[in-house]
Amino acid sequence: MEEVKDILTGLDRYEEFLKKLEKEIQELDDCRIAIIYTDIKYFKYINDTYGYQRGDMLLKEFTRQVTQGNASMLCAARVFSDNIVLASKVSNSISNEEVREKVHRHNLEMEKRFRENYSAARLKFCTGISFISKEDRRLDPATAVSNANLARKIAKEMKEDCCVLFDSRMVEGIKKEIEITSSLTRAIADGELKVYYQPKMKTDSVRIDGAEALARWQKPDGRFIYPDEFIPLIEQSGQIVELDYFVYREVFKFIAGRMKENKPIVPISLNVSRAHLDKMEILSYIRSLFEEYRIQPNMIEFELTENIYIENTEKALQLIEGLHEMGTKVSMDDFGSGYSSLNLLSRLPIDIIKLDKVFLQDEELDNHLKENDKIIISCIVDMAKKLRITSLCEGVETPEQSDYLSEIGCELQQGYYFSRPIPEDDFEKFMDRKFSEENSLITA
């Protein structure tokens with residue numbers, strides 16, 4: 001006879017849970033069923049830090065606390081790993097929000113107890129909840145669980161309130177996500193994806209010193225899919241590597257074209273996604289581009305976000321060394337956006353740090369810098385100089401901000417004050433104009 005219980009937790013196996021849930025749905029009358037789907041955020045951190053045996057102990061205790069004292073619980077199962085789902089009867093006199101608040105309070109209590117036992121400040125429980133009423137008797141049990149799981153995934157992305165009620169609009173959001181991820185390869189082939197360039201300017205002159213290459217997606221009807229819509233999705237799906245390689249090739253082709261026509265060009269920086277750290281195939285791909293397009297290594301720079309350095313310092317170091325061997329520069333992007341680790345600057349051979357635009361955002365003062373922000377920026381720029389690291393501040397939007405950066409010696413600036421990200425043709429015109437202005441100053 002097939003085992004219907006999970007060996008580790010003692011809960012039903014998922015298939016058995018679905019059978020029981022279907023029976024409960026058919027017998028629904030004057031109440032609802034809440035499907036409560038919970039997992040442990042950063043569970044991998046517990047396993048990696050304390051070992052799998054301790055992780056199993058946590059999982060068993062987590063299971064016990066999720067299910068204990070729940071007189072209205074109908075059934076519960078371990079779906080996989082640390083994913084636990086339970087079905088519970090709910091009186092129609094209790095609102096969905098009241099259920100959510102009760103589950104959320106319970107999660108907070110569990111987090112407090114577990115943090116005391118595991119010294120893990122990052123440990124968090126994420127829950128999604130869906131409901132089944134007697135009008136939903138035709139609903140497939142697996143769909144009800146899927147709805148709760150979808151809400152859990154959204155909860156997992158939230159910083160504070162990690163308990164979310166399912167909403168049918170979430171399904172539309174998923175459909176849109178699937179549409180985006182499934183159409184990326186076709187969009188690249190059809191020319192919907194294009195490379196835009198945002199100039200980097202020398203602080204002490206009108207000279208253009210470089211540019212950052214950025215992907216933009218424009219549909220045939222002219223509508224843009226903005227980066228904050230598609231970049232996170234294709235990072236999760238792993239397609240970010242395909243996009244990065246597309247951008248890299250387009251930039252190499254662009255630089256090679258300018259050089260063939262004997263036109264001046266500036267170094268172009270390319271973003272490196274964290275997905276590249278897994279296999280490190282990026283180095284061989286970049287080498288192949290240099291061999292194919294025969295451009296000088298100093299015409300290309302690579303940007304890694306601060307979080308990549310912090311999350312996997314050793315792999316990041318390996319990548320930096322490989323890029324330096326090819327003769328390219330490497331920058332730390334979004335410096336100061338997260339939990340900055342200043343000692344990284346002494347460990348990693350960084351050429352440039354890009355101060356995150358958060359330092360320049362101050363809507364209440366009409367984008368004038370606050371004194372605290374001035375002090376922080378000035379200290380970072382001064383530290384960079386002493387470490388022989390070039391400083392660049394992004395997000396510059398006003399002449400006041402630009403003047404202050406000039407005053408403290410920040411070497412490079414980037415932002416809407418100079419130019420938005422612009423298409424390749426417009427960027428060529430921008431460069432040609434700036435080079436013409438520079439030559440005029442020299443000959444004057």
Side-chain angles (χ1 to χ4, degrees), residues 184-200 208-218 227 230-231 234-235 238-277 279-305 308 316 318-333 351-352 354 390 392 412 414 419 421-432 434-435:
L184 177 71
T185 300
R186 177 199 55 74
I188 290 175
D190 291 350
E192 293 179 18
L193 267 294
K194 298 187 183 299
V195 177
Y196 277 44
Y197 297 84
Q198 186 171 30
K200 301 175 183 178
I208 181 173
D209 192 77
E212 179 180 2
L214 300 161
R216 292 294 183 265
W217 190 340
Q218 187 174 19
F230 72 87
I231 294 294
I234 63 175
E235 281 181 334
Q239 293 170 294
I240 190 68
V241 172
E242 179 184 3
L243 179 64
D244 281 352
Y245 285 175
F246 162 75
V247 173
Y248 296 177
R249 180 170 290 278
E250 290 296 299
V251 168
F252 272 75
K253 190 189 304 180
F254 170 60
I255 294 174
R258 290 278 298 188
M259 294 177 70
K260 186 176 181 180
E261 295 177 7
N262 292 317
K263 292 180 178 179
I265 187 68
V266 293
I268 307 296
S269 62
L270 303 168
N271 289 291
V272 178
S273 306
R274 70 186 68 201
H276 292 291
L277 296 186
K279 296 181 180 179
M280 300 297 283
E281 294 172 352
I282 183 174
L283 292 175
S284 59
Y285 185 78
I286 293 168
R287 286 192 193 96
S288 71
L289 290 177
F290 276 120
E291 291 172 4
E292 180 178 354
Y293 289 99
R294 304 292 180 183
I295 67 174
Q296 295 299 313
N298 63 356
M299 287 291 99
I300 295 289
E301 298 173 3
F302 289 93
E303 298 186 10
L304 284 74
T305 63
I308 290 179
Q318 182 183 341
L319 179 56
I320 294 168
E321 290 174 344
L323 293 171
H324 276 165
E325 285 175 6
M326 286 184 244
T328 67
K329 290 184 178 181
V330 180
S331 66
M332 179 183 288
D333 194 11
D351 303 294
I352 304 159
K354 293 185 68 175
T390 300
L392 182 155
L412 300 173
Q414 183 181 13
S419 173
I422 50 180
E424 184 178 294
D425 289 347
D426 292 339
F427 176 59
E428 289 207 71
K429 293 174 185 175
F430 184 94
M431 270 195 300
D432 292 340
K434 287 298 179 183
F435 282 124

**Student:** Are any of the side-chain heavy atoms of Glu424 and Lys194 separated by less than 4.5 Å?
**Tutor:**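 No. Closest side-chain heavy atoms not under 4.5 Å.
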**Student:** Evaluate the side-chain proximity of Glu192 to Arg186: yes if any heavy-atom separation is below 4.5 Å, no if none is.
**Tutor:**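 A side-chain contact exists here, since the closest heavy-atom pair is under 4.5 Å.
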**Student:** Who are the ring pair (Phe, Tyr, Trp, His ring centres under 6.0 Å) partners of Phe230, not counting sequence neighbours?
**Tutor:**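 Scan of Phe230 (ring pair (Phe, Tyr, Trp, His ring centres under 6.0 Å), adjacent residues dropped) gives Trp217.
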**Student:** Would you name the heavy atoms of Ala215 and Pro227 that are closest together and state the gap between them?
**Tutor:**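 Nearest pair, atom of Ala215 first, then Pro227: O-CG, 4.1 Å.
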**Student:** Enter the distance from Ile320:CD1 to Leu304:CG here, rounded to the nearest 0.5 Å.
**Tutor:**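 Answer rounded to 0.5 Å: 6.5 Å.
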**Student:** Going by the rule side-chain contact (heavy atoms from CB on, under 4.5 Å), which residues pair with Asp244 if we only count those two or more places apart in sequence or in a different chain?
**Tutor:**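 Only Ile240, Tyr248, Ser273, His276 meet the side-chain contact (heavy atoms from CB on, under 4.5 Å) criterion with Asp244.
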**Student:** Using every non-hydrogen atom in the two residues, find where Phe302 and Ile286 come nearest and quote the distance to one decimal.
**Tutor:**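 Heavy-atom minimum between the residues: CZ-CD1, 3.3 Å.
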**Student:** Can you name the one residue among Thr328, Asp351, Ile282 that meets side-chain contact (heavy atoms from CB on, under 4.5 Å) with Leu323?
**Tutor:**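 Among Thr328, Asp351, Ile282, the one that satisfies the side-chain contact (heavy atoms from CB on, under 4.5 Å) with Leu323 is Thr328.
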**Student:** Is there a side-chain contact between Leu184 and Leu193 in this structure, where contact means two heavy atoms from C-beta onward sitting under 4.5 Å apart?
**Tutor:**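 Yes. Closest side-chain heavy atoms under 4.5 Å.
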**Student:** My understanding is that only one of Val195, Leu270, Ile231, Asn271 makes a side-chain contact (heavy atoms from CB on, under 4.5 Å) with Leu214; could you say which?
**Tutor:**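 Exactly one option meets the side-chain contact (heavy atoms from CB on, under 4.5 Å) with Leu214, and it is Asn271.
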**Student:** Would you check if there is a donor-acceptor pair between the side chains of Glu301 and Ser331 at a distance under 3.5 Å?
**Tutor:**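 There is no such pair (donor and acceptor under 3.5 Å, judged by atom type) between the side chains of Ser331 and Glu301.
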**Student:** According to side-chain contact (heavy atoms from CB on, under 4.5 Å), who are the partners of Lys429, at least two apart in sequence or on a separate chain?
**Tutor:**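 Listed in chain order: Asp426.
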**Student:** Phe246: what forms a ring pair (Phe, Tyr, Trp, His ring centres under 6.0 Å) with it, not counting sequence neighbours?
**Tutor:**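 With sequence neighbours excluded, Phe246 shows a ring pair (Phe, Tyr, Trp, His ring centres under 6.0 Å) to no residue whatsoever.
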**Student:** With the side chain counted from C-beta on, respond yes when Lys263 and Met431 share a heavy-atom pair under 4.5 Å apart, and no when they do not.
**Tutor:**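 The answer is no, as the side chains (C-beta and beyond) never meet within the 4.5 Å cut-off.
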**Student:** May I ask you to decide whether Glu292 forms a salt bridge with Arg249, counting only side-chain N to carboxylate O separations under 4.0 Å?
**Tutor:**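 Yes.
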**Student:** Rounded at 0.5 Å granularity, tell me how far OG in Ser288 sits from OH in Tyr245.
**Tutor:**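 Between Ser288 OG and Tyr245 OH, I get 8.5 Å after rounding to 0.5 Å.
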**Student:** May I ask you to test the Glu428-Arg258 pair for a side-chain heavy-atom distance under 4.5 Å?
**Tutor:**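 Yes; the side chains approach each other to less than 4.5 Å.
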**Student:** Find the distance between CG (Leu392) and CG (Leu412) and round it off to the nearest 0.5 Å.
**Tutor:**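 Between Leu392 CG and Leu412 CG, I get 5.0 Å after rounding to 0.5 Å.
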**Student:** Mind checking what makes ring pair (Phe, Tyr, Trp, His ring centres under 6.0 Å) contact with Phe430, not counting sequence neighbours?
**Tutor:**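 Ring pair (Phe, Tyr, Trp, His ring centres under 6.0 Å) list for Phe430, sorted by chain: empty.
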**Student:** The test is side-chain contact (heavy atoms from CB on, under 4.5 Å); show your working for Ile255 and Ile300 and say whether it passes.
**Tutor:** CA-CA 9 Å; Ile255 294 174; Ile300 295 289; 3.6 Å; yes
**Student:** Within a strict 4.5 Å, meaning less than it, do heavy atoms of the Leu319 and Leu283 side chains meet?
**Tutor:**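 In short, these two side chains touch, coming nearer than 4.5 Å.
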**Student:** To the nearest 0.5 Å, tell me how far Ile234 CD1 sits from Glu242 CD.
**Tutor:**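 Between Ile234 CD1 and Glu242 CD, I get 8.0 Å after rounding to 0.5 Å.
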**Student:** Please identify each residue that fulfils ring pair (Phe, Tyr, Trp, His ring centres under 6.0 Å) with Tyr197, with sequence neighbours left out.
**Tutor:**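 Applying ring pair (Phe, Tyr, Trp, His ring centres under 6.0 Å) to Tyr197 gives Phe254, Phe427.
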**Student:** Could you check whether any side-chain heavy atom of Lys329 comes within less than 4.5 Å of a side-chain heavy atom of Pro267, counting everything from C-beta outward?
**Tutor:**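 No - every pair of side-chain heavy atoms lies 4.5 Å or more apart.
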**Student:** In terms of side-chain heavy atoms, does Lys200 have a donor or acceptor partner in Ser269 at a distance below 3.5 Å?
**Tutor:**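 There is such a pair between these side chains.
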**Student:** Compare every heavy atom of Pro199 with every heavy atom of Ile208, then report the nearest pair and how far apart it is.
**Tutor:**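 Scanning both residues, the minimum pair turns out to be CD1-CB, 3.9 Å.
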**Student:** Show your working on side-chain contact (heavy atoms from CB on, under 4.5 Å) between Met259 and Tyr293 and close with a plain yes or no.
**Tutor:** CA-CA 10 Å; Met259 294 177 70; Tyr293 289 99; over 6 Å; no
**Student:** Crowded around Lys434 NZ? As in, over 12 foreign heavy atoms under 6.0 Å?
**Tutor:**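 Yes, because the 6.0 Å sphere around NZ of Lys434 holds more than 12 heavy atoms from other groups.
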